[in-house]
Amino acid sequence: MKERNYDVVKTVIGILLAAIGFVLLRRYADSQGVMAVLPFVCIGVGCGAFGHGMGGMLSRKALKGSPDLQKQLEIEQKDERNIAISNSAKGKAFDIMLFVYGALMLSFALMQVDLAAILLFVFCYLLVLGCSIYYRVKYEKEM
């Protein structure tokens with residue numbers, strides 16, 4: 001299947017999920033538990049899928065008429081300098097994220113938020129750090 005077809009499928013799935021979310025929200029407005037959250041999850045995922053699919057279709061349509069622009073975009077995406085800049089920005093964002101997650105966990109603990117929420121943050125924090133250590137060791141062995 002071509003990329004264009006994937007974009008159409010993503011757009012249709014996004015519209016359907018958002019519609020289902022709005023129907024669930026209207027029908028189960030006063031419910032508790034999972035049904036109180038499910039409509040918002042459907043709306044959020046649906047809007048994300050719709051935006052991703054439409055973005056792909058619109059960008060493909062804009063590039064279709066201009067082969068020069070398409071070639072220039074392909075060169076910029078594969079340029080080593082741009083890749084190095086992107087990786088450096090990701091590294092700085094990761095460093096900042098570690099401090100922000102740590103501060104958020106500490107503030108949640110001081111506000112006496114439910115233990116389950118704090119443990120979820122701690123699990124995510126340790127998962128990110130574990131992935132970082134794994135890939136650092138892996139890349140050091142390769143180089």
Side-chain angles (χ1 to χ4, degrees), residues 1-29 33-143:
M1 214 156 57
K2 293 182 180 178
E3 286 182 38
R4 179 178 57 90
N5 293 340
Y6 286 131
D7 290 334
V8 172
V9 169
K10 283 186 237 176
T11 303
V12 170
I13 288 174
I15 291 171
L16 289 175
L17 271 175
I20 289 169
F22 282 117
V23 168
L24 288 175
L25 182 63
R26 187 152 176 104
R27 190 163 194 202
Y28 299 104
V34 174
M35 289 310 292
V37 177
L38 184 63
F40 298 106
V41 172
C42 287
I43 292 170
V45 171
C47 288
F50 172 77
H52 196 265
M54 283 300 292
M57 286 192 304
L58 292 175
S59 66
R60 195 167 288 101
K61 185 173 183 169
L63 291 175
K64 186 177 182 180
S66 176
D68 294 333
L69 187 60
Q70 191 174 11
K71 187 175 181 179
Q72 180 182 359
L73 181 64
E74 184 178 329
I75 290 171
E76 285 181 11
Q77 287 176 345
K78 294 180 180 179
D79 183 30
E80 291 177 11
R81 180 178 176 270
N82 289 338
I83 293 171
I85 290 171
S86 175
N87 289 339
S88 178
K90 287 177 192 176
K92 291 293 182 187
F94 175 77
D95 292 341
I96 292 170
M97 182 194 70
L98 291 180
F99 290 111
V100 170
Y101 272 178
L104 190 62
M105 283 188 299
L106 180 63
S107 64
F108 273 24
L110 292 175
M111 291 187 312
Q112 297 177 347
V113 173
D114 190 27
L115 183 63
I118 295 172
L119 290 177
L120 282 172
F121 268 112
V122 170
F123 174 75
C124 291
Y125 186 77
L126 293 176
L127 179 71
V128 168
L129 284 176
C131 289
S132 171
I133 292 169
Y134 169 78
Y135 282 109
R136 182 168 183 106
V137 169
K138 178 182 173 183
Y139 292 146
E140 282 181 357
K141 285 181 181 178
E142 287 179 4
M143 294 180 182

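Keep in mind that what you see is a predicted model, and the values were worked out from it rather than measured.
Going from atom CD1 of Ile43 over to atom CG of Leu38 covers 9.5 Å, rounded to the nearest 0.5 Å. Taken from CD1 in Ile13 to NE2 in His52, the straight-line distance is 13.0 Å, to the nearest 0.5 Å. Taken from CE in Met35 to CG in Leu25, the straight-line distance is 10.0 Å, to the nearest 0.5 Å. Distance check: Leu120 CG to Leu127 CG gives 12.0 Å after rounding to the nearest 0.5 Å. The distance from the CD atom of Glu142 to the OH atom of Tyr135 is 10.5 Å, given to the nearest 0.5 Å.
Side-chain contact between Ile75 and Gln72 is absent, with no heavy atoms from C-beta onward closer than 4.5 Å.
Ser86 contributes no side-chain N or O that, together with a main-chain N or O of Asn82, makes up a donor-acceptor pair within less than 3.5 Å.
When all heavy atoms are compared, the tightest approach of Ala49 to Gly14 is CB-CA, 3.8 Å. Heavy-atom minimum distance, Pro39 versus Gly21: CB-O, 3.4 Å. Heavy-atom minimum distance, Cys42 versus Leu24: SG-CD1, 4.5 Å. Contact record, Val113 with Ile118: O-CD1, 3.5 Å, taken as the closest heavy-atom pair. Closest non-hydrogen pair, Val8 versus Met57, comes out as CG2-SD, 3.7 Å.
The 12-atom threshold is not exceeded at CZ of Phe22, counting heavy atoms of other residues, nucleotides or ligands nearer than 6.0 Å. Around the CD atom of Gln112, the shell of radius 6.0 Å holds no more than 12 heavy atoms that belong to other residues, nucleotides or ligands.
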Donor-acceptor contacts, no H, no angles, side chain residues 97-109, under 3.5 Å, sequence neighbours left out:
| residue | atom | partner | partner atom | Å |
| --- | --- | --- | --- | --- |
| Ser107 | OG | Ala103 | O | 3.2 |
| Ser107 | OG | Leu104 | O | 2.9 |

